[in-house]
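Numbered from 1 within each chain, the chains take letters A, B, ... in sequence-line order.
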Number of protein chains: 2
Amino acid sequence: MPMARRPSVSSVQIAREAGVAQSTVSRVLNGGSVAPETRRRVLEVLAKHDYQPNLAARSLVAARTGLVGVVIRDLTNPFYPVMVRAVEQVLHEQGLRLLLLSDVATAAESLAMLRRERVDGVVFTSAVREDPLAWPVSEHGIPVVLCHRTIEGFPGDQVEADNAGAARLAADHLLDLGHRRLGMLCGTAQASTAEQRAAGFRARLAERAPEVELVSVQGGYDYATSYAAVRELLAGPHRPSALFCHNDVMAHAALNAAAAEGVDVPGELSVVGCDDVPTSSWERIALTTVRQPLARIAEVAARLLLERLQDPQAPLRHEVLPVQLVERGTTAACRQVPGRGAG
Amino acid sequence: MPMARRPSVSSVQIAREAGVAQSTVSRVLNGGSVAPETRRRVLEVLAKHDYQPNLAARSLVAARTGLVGVVIRDLTNPFYPVMVRAVEQVLHEQGLRLLLLSDVATAAESLAMLRRERVDGVVFTSAVREDPLAWPVSEHGIPVVLCHRTIEGFPGDQVEADNAGAARLAADHLLDLGHRRLGMLCGTAQASTAEQRAAGFRARLAERAPEVELVSVQGGYDYATSYAAVRELLAGPHRPSALFCHNDVMAHAALNAAAAEGVDVPGELSVVGCDDVPTSSWERIALTTVRQPLARIAEVAARLLLERLQDPQAPLRHEVLPVQLVERGTTAACRQVPGRGAG
DNA sequence: CTGAAAGCGCTTACAG
DNA sequence: CTGAAAGCGCTTACAG
């Protein structure tokens, strides 16, 4: 038999036991001015009962709830834990709480929940251009920070990595290795990361090697989709000698698809990812990738939100964080004669 | 400039606009008896304002908050998302909300938070025998469900996989392949899963092949610890021909450690895991493992909690779910002559 | 079926 | 420095 529910003590009971008014208890709790002796007595009773204030009551009367919504759509992407931890850490230091919104609920349901909870603000990690949740949330006057993926003209603070720069690094790396038949595995169409990485990659190719062939396939930032797409690509007539993937999850899918098709990496195919999630450094994976400062991006996002709550009228901020190429085992010099035409 | 905060409408405003008492609004919201015409009128005003009740106010007056704590210590283990999703799904269907507790906070801080939030119940996924959080939470009269890891004699409902059975399947598989020098990479000492898997493995060996050598090393359910331990084991004088790992994360670490040491898997070393997380089926990993019904375990846990909230006095339940061996590429017949003595 | 009232546990002016 | 009081937005008996 489980234990019987034990009722919580309220500040009224604390006050009675300490022989003071309830408002005095509230004052010692929230740092109002209280005589040392009174404070001591109240603290004693507080400690005796291990008093914990009822957050619902506090939220009801205060203007704020101390709750911050964090929207993470794809829980299966391994950079998710990295981001959540970083955000959680910052919020936790400030005594704020985190309400996690995943894709279990629809956008409408999530909006309703954020409003019912009266969250003080929301951090989005996976917004798309016409985001069905970010826009309505903002229109309801709830402060929004876009983290990792951004939206031009959005009325909220934003942080992201230098995605175009990341794509340029990837392009340079593959070009330097002599690859001239390239493939690009693209992320979700409306995601800024995918758009910037695609544009950056294309721009760099046009700049350095306008003659290269580039075949783009859609992977939707999703393992299963990417896996199928890459198998098809590798089995088809336009097999590239190198593949730039818009994130690591898709790169992992590509690696596994190559294994399934009997295509040797990096012997017959070079693969570059983007993110550098923990899995990518595994010996069995050893993915060459462009590292984003994932934890840092999330941390900055949390801080931007905190500052926004302090000063709602401050001008909008937009931070862009640097990236860096991490060479590992999935890329190598092109073995075929450089030039046009598929093998 | 972000949008200005838009104040929420309250049920009092709705009542005024609909020309009824506030309690009537409350009744149409919560399904009390209301005349059809009155109801229609109220619903109209509700819809017009897209009214969302203030959950803090509701929690304050109702006996329950609708909040369920979910404790997940190791966010980096990839079965975490699988479990969270399953729990979230069930809670969401019932209109309950999830408060995620990770390891960012200490046990004391987590306890305080659960109490301040007045959660209706808590699901633990990573309890240990003398758990610093599960016991205090239960002693405070908050219903607890132990999910995945269990504690004998704990006053709460429990769900787990057949861990001893899992270990027996692993032992049989390795024994059938002719392995006689075995290694076991163990999980956290106080975790039921590690204890049961260790005991089950040992029992099965004693039963079928009392002559086998078994060397146990501690991996603490942690990638980094396991990686270092396995490298040391493989480089040392007692290298086993097969390794049973208490979970997949440790098995992945073992695979990568083997790669780092130049030990061929499965040629020189067979590896069996336990869990079957998504990563394990990747071609690059192809881990032979014992599958636990991860989502099912979490789902049952959520349901047990819901039933407990319905009937706090019902007798405690303890569910054990079946497991299954999944043979992939990391195990093979032992190439060395079976017998004693290291190579 | 419906309204007036009490009360959940707090914070915040407002007096003294 | 401290107490009495109002009020946050709801639900729940209690009358009619």
- Re D:dA4: Watson-Crick or G-U wobble partner, both distances kept under 3.5 Å, found to be none

- Task: Establish, with yes or no, whether the OP1 or OP2 oxygen of C:dC8 is under 4.0 angstrom from a side-chain nitrogen or oxygen of A:Asn54.
- Result: no

- Examine D:dG9: is either OP1 or OP2 under 4.0 Å from a nitrogen or oxygen in the side chain of B:Tyr51? Give yes or no. no

- Task: Answer yes or no: does a side-chain N or O of B:Ser23 lie under 4.0 Å from OP1 or OP2 of C:dG3?
- Result: no

- When all nucleic acid strands are considered with a 4.0 Å heavy-atom cut-off, which category describes A:Thr38: base, sugar-phosphate, or nothing? sugar-phosphate

- Item | Along DNA chain C (nearest heavy atom to each residue), the more 5'-positioned of B:Leu60 and B:Gln22 | B:Gln22

- Query: Side-chain contact, heavy-atom cut-off 4.5 Å: A:Ile14 with A:His49?
  - Reply: yes

- Query: Side chains of A:Tyr221 and A:Thr193: donor-acceptor distance under 3.5 Å anywhere?
  - Reply: yes

- Go through C:dG3, D:dG9, C:dC1 for me and flag the one nearest to the B:Ala57 side chain. D:dG9

- Report yes if a side-chain nitrogen or oxygen of A:Thr24 is closer than 4.0 Å to either non-bridging phosphate oxygen (OP1 or OP2) of D:dG3; otherwise report no. yes

- Note on the structure: Closest of C:dG3, C:dC10, D:dT11 to the B:Val20 side chain is C:dG3

- Any side-chain N or O of A:Ser11 less than 4.0 Å from the OP1 or OP2 oxygen of C:dC10? yes

- Query: Are B:Glu152 and B:Arg129 within salt-bridge range, i.e. N to O under 4.0 Å?
  - Reply: no

- Message: Quick check for you: among C:dG9, C:dC8, D:dT2, whose closest atom lies nearest to any side-chain atom of A:Arg27?
- Response: D:dT2

- Task: Please determine, for D:dA13, whether a Watson-Crick or G-U wobble partner exists with both distances under 3.5 Å, and give it or none.
- Result: none

- Task: Counting heavy atoms from C-beta on, name the nucleotide in C:dT2, C:dG7, D:dG7 closest to the side chain of B:Ala35.
- Result: C:dT2

- Query: Parallel, tilted or perpendicular: which describes the rings of A:Tyr80 and B:Tyr80, with under 30° parallel and over 60° perpendicular?
  - Reply: parallel

- Query: Hey, does B:Ala62 reach any base, or is it just sugar-phosphate, or nothing, if we go heavy atoms under 4.0 Å?
  - Reply: nothing

- Message: Taking the basic N atoms (NZ, or NE/NH1/NH2) and the acidic carboxylate oxygens, is any pair closer than 4.0 Å for B:Glu37 and B:Arg40?
- Response: yes

